[in-house]
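This report concerns only the one structure given below.
Bear in mind that the values here come from a model prediction, so they are computed numbers and not experimental data. Chain naming here is simple, since letters A, B, ... match the order of the sequence lines and numbering starts at 1 in each.
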Protein chains: 2
Amino acid sequence: MQLEEAKANFIQEWGTLGSKWGINRTMAQVHALLLISPESLSADNIMEELNISRGNANMNLRALIDWGLIRKARKPGERKEFFYAEKDLWKVARQVMKERKRRELEPLQQVLDELKRVEAVEPEEIEFKKMMMDLSEFTNTAEYALDRMIQSEQKWMFDTFIKFLGQKNKDN
Amino acid sequence: MQLEEAKANFIQEWGTLGSKWGINRTMAQVHALLLISPESLSADNIMEELNISRGNANMNLRALIDWGLIRKARKPGERKEFFYAEKDLWKVARQVMKERKRRELEPLQQVLDELKRVEAVEPEEIEFKKMMMDLSEFTNTAEYALDRMIQSEQKWMFDTFIKFLGQKNKDN
DNA sequence: ATGATTTTTCTGAAATTTCTGAAAGTTCAT
DNA sequence: ATGAACTTTCAGAAATTTCAGAAAAATCAT
């Protein structure tokens, strides 16, 4: 397979994957393109490579910066802005966890804290309240686990986690 | 807050969260409704509660069954089918991991295995190949970790994981 | 301060996804 | 075998998301 074909395939695949995770397809494609570029790219480069408009490119570059997945750079002598992606995938993973936690988990927890205050007398009320409390416990544990993963600096995080579970599961 | 209001809020919130994760909003709402119902519900119940059409209800119920998140039940004497959700949230989480792994991670790995075979001489080719190999390593580790989590039967999974990380991180 | 260059915003259009409702299909008691 | 009860399918409609392109704003060299 030639490089150009391989690049196109990867960009397409990453875009598809993104959309399955609620991420705008173009945003994921821009990210893919920057992940595989040795040099940082300008908005014009990206527009050309992906055949998208200036407005679209700008919007998605902005969103990627907002997610902390890419950064702006200036090239000496150039007036344009250039963009490059964080390429350490463990950092990328941690950054995504961090953002999703902030944007989704924390607001959910607030809502659950409200909802679990419902008065519970009827079976339906009791069931509802119990589920809210279970969810609350679940999200709290998940939050704590995420915090640990986000803080951890090493890629061995998962490796050791796996080894650990391997041992513990013998007790079952 | 009254139960009816609380239920509506929860269903709405779960739907919104779902759509941020690439899950059809109505599908998430049907799931939410079943999560908080002490009794199993018929398609008609669900249509009425959520104000959706029969076709829509049917489609999303099937999808939820397909994801392994709800099941059919028959009530004695009744001809209709009834539906109920798995309510153990740790089981739900594991089931979602299992399905996303199968549907998304495994296909990605296949693609990466192809792409990392690209010939690498030019800097751009070398960068590309390196990223494909990094991604491949990353997804393999993730797959292994997921398998462990999916197999694990206990909710203490995360708790102990956390404790473990807490210790290890002191070495940094 | 000026104007050339680049970035950002915004609106209507296009594309995609989701939904409805009716028709077709299935199941089951008789 | 029939038909009532229920489920599934599907084509067109509706809703939502994404996008292009032009206009506005910002930036920078002079």
Side-chain angles (χ1 to χ4, degrees), chain A residues 11-34 39-67 70-84 103-104, chain B residues 11-34 39-67 70-84 103-104:
Chain A
I11 289 167
Q12 141 73 26
E13 184 70 18
W14 206 241
T16 303
L17 199 64
S19 59
K20 286 188 189 162
W21 281 82
I23 286 147
N24 173 306
R25 183 214 290 288
T26 305
M27 180 170 153
Q29 288 181 334
V30 173
H31 187 223
L33 178 60
L34 289 172
E39 303 293 333
S40 56
L41 301 179
S42 69
D44 289 277
N45 294 150
I46 291 162
M47 286 162 61
E48 196 184 355
E49 286 270 355
L50 301 180
N51 273 290
I52 60 174
S53 73
R54 185 171 301 284
N56 196 8
N58 184 271
M59 248 181 38
N60 286 298
L61 284 167
R62 176 164 267 304
L64 282 166
I65 289 171
D66 211 49
W67 273 83
I70 69 172
R71 288 166 178 276
K72 285 184 185 179
R74 322 276 325 194
K75 279 193 185 176
E78 289 269 19
R79 186 121 161 231
K80 281 180 183 152
E81 287 175 331
F82 289 78
F83 302 89
Y84 64 95
R103 295 168 192 226
E104 293 153 23
Chain B
I11 289 168
Q12 140 72 27
E13 185 69 20
W14 205 241
T16 303
L17 198 65
S19 60
K20 286 187 189 162
W21 282 81
I23 286 147
N24 174 304
R25 195 227 298 254
T26 305
M27 181 169 152
Q29 288 181 334
V30 173
H31 187 223
L33 177 60
L34 288 172
E39 302 293 332
S40 57
L41 301 178
S42 68
D44 290 276
N45 294 151
I46 291 162
M47 287 162 59
E48 196 184 354
E49 286 270 355
L50 302 180
N51 273 290
I52 60 175
S53 72
R54 184 171 301 285
N56 196 9
N58 184 269
M59 247 181 38
N60 286 300
L61 284 167
R62 299 184 112 280
L64 282 167
I65 288 172
D66 213 49
W67 273 83
I70 68 172
R71 288 167 179 274
K72 286 184 186 180
R74 323 274 328 191
K75 280 194 184 174
E78 290 269 18
R79 185 117 163 233
K80 280 181 184 150
E81 287 175 333
F82 289 79
F83 302 89
Y84 65 96
R103 295 167 192 227
E104 292 152 25

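The separation between B:Met47 atom CE and C:dT20 atom C1' is 10 Å, rounded to whole Å. Atom pair B:Arg62:CZ and C:dC19:P shows a separation of 16 Å (rounding to whole Å applied). As a whole-Å value, the separation of B:Met59 CE from D:dT9 P is 11 Å. Computed from coordinates, the B:Arg74 CZ to C:dT27 P distance equals 10 Å when rounded to whole Å. Counting to the nearest Å, the C1' atom of D:dT7 and the CZ atom of B:Phe83 are 9 Å from each other. Remark: P of D:dC6 and NZ of B:Lys75 are 13 Å apart, rounded to the nearest angstrom. What separates CD of A:Glu78 from P of D:dT27 is a distance of 19 Å, to the nearest Å. Between A:Asp66 atom CG and C:dT7 atom P there is a gap of 18 Å when expressed in whole angstrom units.
Going from atom CD of A:Gln29 over to atom CG of A:Asn51 covers 10.5 Å, rounded to the nearest 0.5 Å.
The closest donor-acceptor contact from the side chain of B:Asn60 to the backbone of B:Asn56 lies under 3.5 Å.
A donor-acceptor pair shorter than 3.5 Å can be found between the side chains of B:Ser42 and B:Asn45.
Heavy atoms of B:Asp44 sit nowhere under 4.0 angstrom from any nucleic acid atom. At the heavy-atom level, B:Asn24 lies under 4.0 Å from the strands shown only through sugar-phosphate atoms. Nucleic acid contact class of B:Arg54 (heavy atoms, under 4.0 Å, all strands): base.
Taking the centre and axis of the six-membered ring of B:Trp67, the NZ or CZ atom of B:Arg62 falls outside the cone set by 45° and 6.0 Å.
For C:dT27, the base has a donor-acceptor partner in the side chain of B:Arg79 [N/O atoms by modelled type, under 3.5 angstrom].
A salt bridge links B:Lys72 to B:Glu81: one of the charged nitrogens lies within less than 4.0 Å of a carboxylate oxygen.
Of the side-chain N and O atoms in B:Thr26, none sit less than 4.0 angstrom from OP1 or OP2 of C:dT18. Between D:dT17 and B:Lys20, no contact under 4.0 Å exists linking OP1 or OP2 to a side-chain N or O. Taking 4.0 angstrom as the limit, A:Asn58 places a side-chain polar atom (N or O) nearer than this to OP1 or OP2 of C:dT8.
Residues A:Arg25 and A:Gly55 both approach DNA chain C. Their nearest nucleotides, taken by heavy-atom distance, put A:Gly55 toward the 5′ side.
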